[in-house]
Amino acid sequence: MVVRLRFAPSPTGYLHVGGARTALYNWLLARRHQGSFILRIEDTDISRSTEEAIQAIMEDLRWLGLDWDEGPEVGGRHFPYRQTGRYALYRDAAMRLLRDGKAYPCFCEPEELAERRREALKEGRSPMYDRRCLSLSEAEREARIRSGIPYALRFLVPEGEVTFTDLVRGEITFRNRDIEDFVLLRSDGSATYNLAVVVDDLDMEITHVVRGDDHLSNTPKQILLYRALGAEPPAFAHLPMIVARDGRPLSKRHGDVSVGSFREKGYLPEAMVNFLALLGWSLDDSTTIMDRRTLIENFSLERVSSKPAVWDEDKLLWMNSQYIMALGDRELAERVFPFLVRAGLVKDDDQKAFEVLLKATPLLRERIKVLGDAVHLVRFLFQEVDIEDDARTVLEDEVSERVLREAGKGLLELKEFTAPHIETTLREMAERLGLKPRQAFQPIRVAITGRKVSPPLFESMELLGRERCLQRIARAMESL
RNA sequence: GGCGCAUUAGUCUAGUUGGCCUAGGACGCCGCCCUCUCAAGGCGGAGAUCGCGGGUUCGAAUCCCGCAUGCGCUACCA
């Protein structure tokens, strides 16, 4: 069997990490079994859906490397891939159910229903729809329809129960009497979510529905719909939610968890994918770093955990640093460069600046966890320094002036201005002055980079060049 | 209120059919080494009576029952 999986976000906002993981698992499964991965936009809620959100979601998916075989911008046999425009399909299905006596019109007004719900809840009863419109006589029903009273279409939930095997959690049973006659078509004629997904998944021949845990309770309704439409339901798998440390669902309160924000901070998509994959799934008892290929070859729903995963940004950060360390010089420089541009340190097309960055890359690699970290580490290479306040105290030490003066002299006389020579000279100087390396080098570091923390001093100096090093040392002395 | 799902260290998890678990790996944390700062790296360490209470069994994190807690659904939202 050719598997077909889909990711069906509703474009009411950006893509967050939970959605990204759902998309990833679907994609992984599709790739693993040489099936299709479909992107479908669930914009039935027109008032909350935006075009920007659709674009942003697609951009984030592409950044993660989750390409879709069918969907917006790539097309496919089941066009269109957003629910707006598929109304006819939903209506046809609904009308078929109505004709078959599996659905019925409901004339109750929303306000009235809400009121009844409140009452039921207050009295401790289940707030289920009481089916009052089901008992309307045929004549009465006709009369109301003819007089133009707006009505919704409700699904007539049959008796019995629904049992299905969730690929993650096993067998689950719901009693139909706990399910109310839910609305299929709103009184304005639009389809509700439960009708739309079923019709779409059916039409798009989806074989596996892999989605968040929050849809588990919707599943029996959808299975009932499949049966009523005379179709076989797909396989279902419900992923545990991703929650914050306090155990609550991730939300804005817990910081920015949009995929885009991680991209902007300088996380690598491959690290993101690796980390996301491990949030609820594991290969074995010890493997943590896995490339895309390994993921594809090994991913399976059987090894998906059923308990909620806590979003642990510390671990993501560590993982990102692992991926950064594995990058080659040029590759890393190319990825870092745009961050320098954005920080205003260099111009987009500054080839010379890129070459400088490329040479600095080996000094950076083990010192940054996200690409954005590079900015403050290499700033001194592209900008005159402004000595930071807490670095100032280093210069206030009484030995500083002597160190800077001697260093300046030594460097001036240096034949070759390269890291090894600089190091030899400065170490000799330190010894001459009876100073520990740290005492001798910190003032120089501050003078050169403006900060107490920097890439290795001697290499940094070589990169900067003798001229500018001497200038900075002189300037630091003046400021004393 | 009803229904459903979940419960191994601060965190991600391993633990597929009960014994090889004196519960394994990773992040984080602590200490030492290395060292021009910061990292990276090396070595070592603390941290879980497997939510609680019963039961089945020679033997349970693993099976059964109950309870508690958390989360989800219970919309003419998705």
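Below, each value reflects all heavy atoms present in this structure, side chains not excepted, and no hydrogens, waters or symmetry copies.
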Can you name the side chain to side chain contact (heavy atoms under 4.5 Å, CB included) partners of [X], sequence neighbours left out?
{"X": "A:Thr22", "result": "A:Phe7, A:Asn26, A:Leu239"}
{"X": "A:Asp329", "result": "A:Leu358, A:Thr361, A:Pro362, A:Arg365"}
{"X": "A:Ile223", "result": "A:Val162, A:Phe164, A:Thr219, A:Arg227, A:Pro233, A:Phe236"}
{"X": "A:Arg186", "result": "A:Asp188, A:Ser190, A:Thr192"}

### Query
What nucleotide, of B:C76, B:G2, B:C3, holds the atom closest to the side chain of A:Ser126?
B:G2
#### Entry: Nearest-nucleotide pick for A:Phe174, side chain only, options being B:G4, B:A40, B:U7
B:G4
Partner set under salt bridge (Lys or Arg N to Asp or Glu O under 4.0 Å) for [X], not counting sequence neighbours:
{"X": "A:Asp178", "value": "A:Arg175"}
{"X": "A:Glu401", "value": "A:Arg405"}
{"X": "A:Arg96", "value": "none"}

NA contact type, [X], heavy-atom cut-off 4.0 Å: base, sugar-phosphate, or nothing?
{"X": "A:Lys436", "answer": "nothing"}
{"X": "A:Met319", "answer": "nothing"}
{"X": "A:Leu317", "answer": "nothing"}
{"X": "A:His238", "answer": "nothing"}

Could you check which residues of [range] get a heavy atom under 4.0 Å from RNA chain B? Sort them by number, please.
{"range": "residues 437-454 of chain A", "answer": "A:Pro437, A:Arg438, A:Phe441, A:Gln442, A:Arg445, A:Lys452, A:Val453, A:Ser454"}
{"range": "residues 216-227 of chain A", "answer": "A:Leu216, A:Ser217, A:Asn218, A:Lys221"}
{"range": "residues 176-197 of chain A", "answer": "A:Asp178, A:Glu180, A:Val183, A:Arg186, A:Ser187, A:Thr192, A:Tyr193"}

### Message
Would you measure the distance from the C1' atom in B:C65 across to the matching atom in B:A60 and give it in whole Å?
### Response
15 Å
Distances under 3.5 Å only, N/O to N/O: pair up the protein atoms with those of nucleotides 33-35 of chain B.
none

### Query
Would you say the side chains of A:His238 and A:Arg169 form a donor-acceptor pair under 3.5 Å?
no
### Donor-acceptor pair between A:Thr424 and A:His421 side chains, under 3.5 angstrom
no
For residues [X] and [Y], establish whether the separation of their ring centroids is below 6.0 Å.
{"X": "A:Phe182", "Y": "A:Tyr129", "result": "no"}
{"X": "A:Phe299", "Y": "A:Trp281", "result": "yes"}
{"X": "A:His16", "Y": "A:Phe262", "result": "no"}

### Query
Hey, are the side chains of A:Arg116 and A:Arg132 touching, using non-hydrogen atoms and a 4.5 Å cut-off?
yes
Does [X] have a side-chain nitrogen or oxygen under 4.0 Å from the phosphate oxygens OP1 or OP2 of [N]?
{"X": "A:Thr44", "N": "B:A78", "value": "yes"}
{"X": "A:Arg248", "N": "B:C71", "value": "yes"}
{"X": "A:Arg154", "N": "B:C76", "value": "yes"}

### Task
Would you give a per-nucleotide map of nucleotides 10-22 of chain B, 5' to 3', where B means the base has a protein non-hydrogen atom under 4.0 Å away, S means only the sugar-phosphate does, and - means neither?
SBBSSS-------
### Query
Using purine N1 to pyrimidine N3 plus N6-O4 or O6-N4 for Watson-Crick, or N1-O2 and O6-N3 for G-U wobble, each under 3.5 Å, what pairs with B:U49?
none
### Task
If B:C20 has a Watson-Crick or G-U wobble mate with both distances under 3.5 Å, name it; if not, just say none.
none
### Message
Over 60° means perpendicular and under 30° means parallel, so tell me whether A:Phe275 and A:Trp311 are parallel, tilted or perpendicular.
### Response
perpendicular
